[in-house]
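Since the structure comes first, as structure tokens, the remarks are kept for the end.
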Amino acid sequence: MKIAVTSASGKLGASIVKHLVRLIGKDNVIGIARTPEKAKHLGVEIRKGDYNNREDFNSALKGVDKVLLVSGMDEPQKRIEQHRNVIEAAKNNGVQKIVYTSIVGSETGTAFSPVVNSNRQTEEDVRNSGLQWIIGRNGIYIEPDLEYVDTYVKEGEIRNCAADGKCGYTSREELGFAYAQMLYNDKLNNQTYNLLGEAITQTQLAEYINEVYKTDLKYTSVGVDEYKQERQEALGEFMGTVIAGIYEGIKNGANEVPSDFESAAGRSHKAPLEMITDYYQTHQ
Ligand SMILES: NC(=O)c1ccc[n+]([C@@H]2O[C@H](COP(=O)([O-])OP(=O)(O)OC[C@H]3O[C@@H](n4cnc5c(N)ncnc54)[C@H](OP(=O)(O)O)[C@@H]3O)[C@@H](O)[C@H]2O)c1
């Protein structure tokens, strides 16, 4: 059985490849990457695949039984067409099953909603593909907050517009484990799974980080418009708007949804404190 993973040069794709290799061995795993040299270190066969180029995927998916499609990074409307290039190439190549990494989030009412909606459109395209399918809706990664701890320490605070909203975080490690199972285990087919852990507030997040990193961070809640302006000044209009939209969604409860992680992965999701501890121990 050959299983291919797109965006293998990225952090999520690499994690899925790593967990798949553990499950089915390196000879059965193919990494597909826009920039193949960035994925060579994974130790599996690497093929070229740029989402903008359907021909790349017509070649890359030859002889592949199952494919994992990692959601792209471009602006929403462009992503939909990019994902269709992979879905159509999978159909043309006789691929039997497609697994797609979608996202938990609010379809309406936040600046992040257009991104969520583009994921929902690809979900529909995947369900209508005629292939066996699985959709995972990923929670928010916890790693970016942990990569940012030094900045939080300099600023003395975690500051955003989530207020008391709860967020079910996950990690690329946890997702890698779950997606390997979802690719391998066909009993999970033709369903959508929310992949996230216990929901926590930003205040709890600060407390857990303090416990592991021995820091003294506090959480400061600011208004949505004020936060959007701050982020746009720091990150530019598009990314600043997206980040503010994500925290606005958390505030509104969009990231406090029931988790199906255990059904998909075959074990429970790690607790937030355990994810933070794992990350800390592997990044010292
Ligand atoms: N749940 C969350 O909290 C969260 C947060 C951020 C993003 N996301 C989503 O999750 C996805 C994966 O995240 P990540 O952590 O792996 O991101 P990452 O480490 O930044 O990797 C992004 C990957 O996308 C690839 N890529 C970009 N444009 C492409 C194209 N036109 N064709 C093929 N590949 C392309 C990059 O390839 P190159 O190596 O060639 O650049 C890279 O492999 C993102 O794309 C985004 O949709 C989720």
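Numbering starts at 1 and runs along the sequence shown. Just follow the structure's listing: the first ligand is 1, and inside any ligand the first atom is 1.
- Atom 15 (O) of ligand 1 has as its closest protein heavy atom Arg172 NE, 2.7 Å.
- Under the 4.5 Å side-chain heavy-atom criterion for grouping Ile, Leu, Val, Met, Phe, Trp and Tyr, Val70 is connected to Ile3 within one hydrophobic cluster.
- Near Ser71, meaning under 4.0 Å from any of its heavy atoms, are these atoms of ligand 1: 11 (C), 44 (C), 45 (O), 46 (C), 47 (O).
- Contacts between Thr101 and ligand 1 below 4.0 angstrom, taking non-hydrogen atoms only, are absent altogether.
- Summary of contacts: the protein heavy atom closest to atom 20 (O) of ligand 1 is Met73 CE, 3.8 Å.
- Taking every heavy atom of Val70 and a limit of under 4.0 angstrom, the matching atoms of ligand 1 come to 11 (C), 12 (C).
- In this structure, the ring of Phe261 has its center no less than 6.0 angstrom from the ring center of Tyr193.
- Between Glu262 and Arg267 there is no salt bridge, since no side-chain nitrogen of the basic residue lies less than 4.0 Å from a carboxylate oxygen of the acidic one.
- Numbered from 1 in the order shown, with element, the atoms of ligand 1 that lie under 4.0 Å from a heavy atom of Thr35 read 38 (P), 39 (O), 40 (O).
- In terms of protein heavy-atom proximity, atom 21 (O) of ligand 1 is closest to Gly10 CA, 3.3 Å.
- Gly49 counts as a contact of ligand 1, since one of its heavy atoms falls under 4.0 Å from the ligand.
- In this structure, Gly139 is part of the shell of residues with a heavy atom less than 4.0 angstrom from ligand 1.
- Between Ala8 and ligand 1, a contact under 3.5 Å exists for no N or O pair.
- Residues Lys270 and Glu198 are not paired through a salt bridge, judged by the lack of any N-O separation under 4.0 Å between the basic side chain and the carboxylate.
- Scanning the protein for heavy atoms near atom 25 (C) of ligand 1, the closest one is Ser7 OG, 3.4 Å.
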(request) I would like to know whether Leu12 and Leu175 meet side chain to side chain contact (heavy atoms under 4.5 Å, CB included); could you show each step before the answer? (result) CA-CA 8 Å; Leu12 179 61; Leu175 292 172; 3.8 Å; yes
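- Numbered from 1 in the order shown, with element, the atoms of ligand 1 that lie under 4.0 Å from a heavy atom of Leu12 read 14 (P), 15 (O), 16 (O).
- Ser9 OG, 2.6 Å is the protein heavy atom nearest to atom 39 (O) of ligand 1.
- Numbered from 1 in the order shown, with element, the atoms of ligand 1 that lie under 4.0 Å from a heavy atom of Asn52 read 31 (N).
- Here ring pair (Phe, Tyr, Trp, His ring centres under 6.0 Å) pairs that include residues 104-149, with residues two or more places apart or in two chains, are Tyr148-Tyr152.
- Residues Arg34 and Asp56 are not paired through a salt bridge, judged by the lack of any N-O separation under 4.0 Å between the basic side chain and the carboxylate.
- Not one N or O of Asn138 is nearer than 3.5 Å to an N or O of ligand 1, by distance alone.
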(request) Kindly indicate, with the supporting measurements, whether the criterion salt bridge (Lys or Arg N to Asp or Glu O under 4.0 Å) is fulfilled by Arg84 and Glu81. (result) CA-CA 5 Å; Arg84 283 180 180 154; Glu81 296 307 322; 3.0 Å; yes
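- Under 4.0 angstrom from ligand 1, the non-hydrogen atoms of Lys11 come from both its backbone and its side chain.
- A cation-pi arrangement is not found for Arg159 relative to Tyr227, the charged atom failing to lie both closer than 6.0 Å to the ring centre and inside a 45° cone about the ring normal.
- Heavy-atom contacts of Lys38 reach the following atoms of ligand 1: 38 (P), 39 (O), 41 (O) (cutoff under 4.0 Å).
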(request) Before giving the answer on side-chain hydrogen bond (donor to acceptor under 3.5 Å, both in side chains), spell out for Tyr51 and Ser7 the whole-Å C-alpha distance, their side-chain angles and the decisive distance to 0.1 Å. (result) CA-CA 9 Å; Tyr51 290 149; Ser7 283; 3.0 Å; yes
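- Here the CG-CG distance, from Leu20 to Leu42, works out to 11.0 Å after rounding to the nearest 0.5 Å.
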(request) Please lay out, stage by stage, how Asn255 and Lys166 fare under the test side-chain hydrogen bond (donor to acceptor under 3.5 Å, both in side chains). (result) CA-CA 7 Å; Asn255 293 78; Lys166 285 191 168 182; over 6 Å; no
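- What sits closest to atom 4 (C) of ligand 1 on the protein, heavy atoms only, is Tyr141 CE1, 3.3 Å.
- Looking at atom 31 (N) of ligand 1, its nearest protein heavy atom turns out to be Asp50 OD1, 3.1 Å.
- Looking at Glu124 and Arg120, no side-chain N of the basic residue comes within less than 4.0 Å of a carboxylate O on the acidic one, giving no salt bridge.
- The ligand atoms of ligand 1 that sit less than 4.0 angstrom from a heavy atom of Gly72 are 45 (O), 46 (C), 47 (O).
- Here the heavy atom of the protein found nearest to atom 41 (O) of ligand 1 is Arg34 NH2, 2.8 Å.
- Residue Gly13 has no nitrogen or oxygen atom sitting less than 3.5 Å from a nitrogen or oxygen atom of ligand 1, judged on distance alone.
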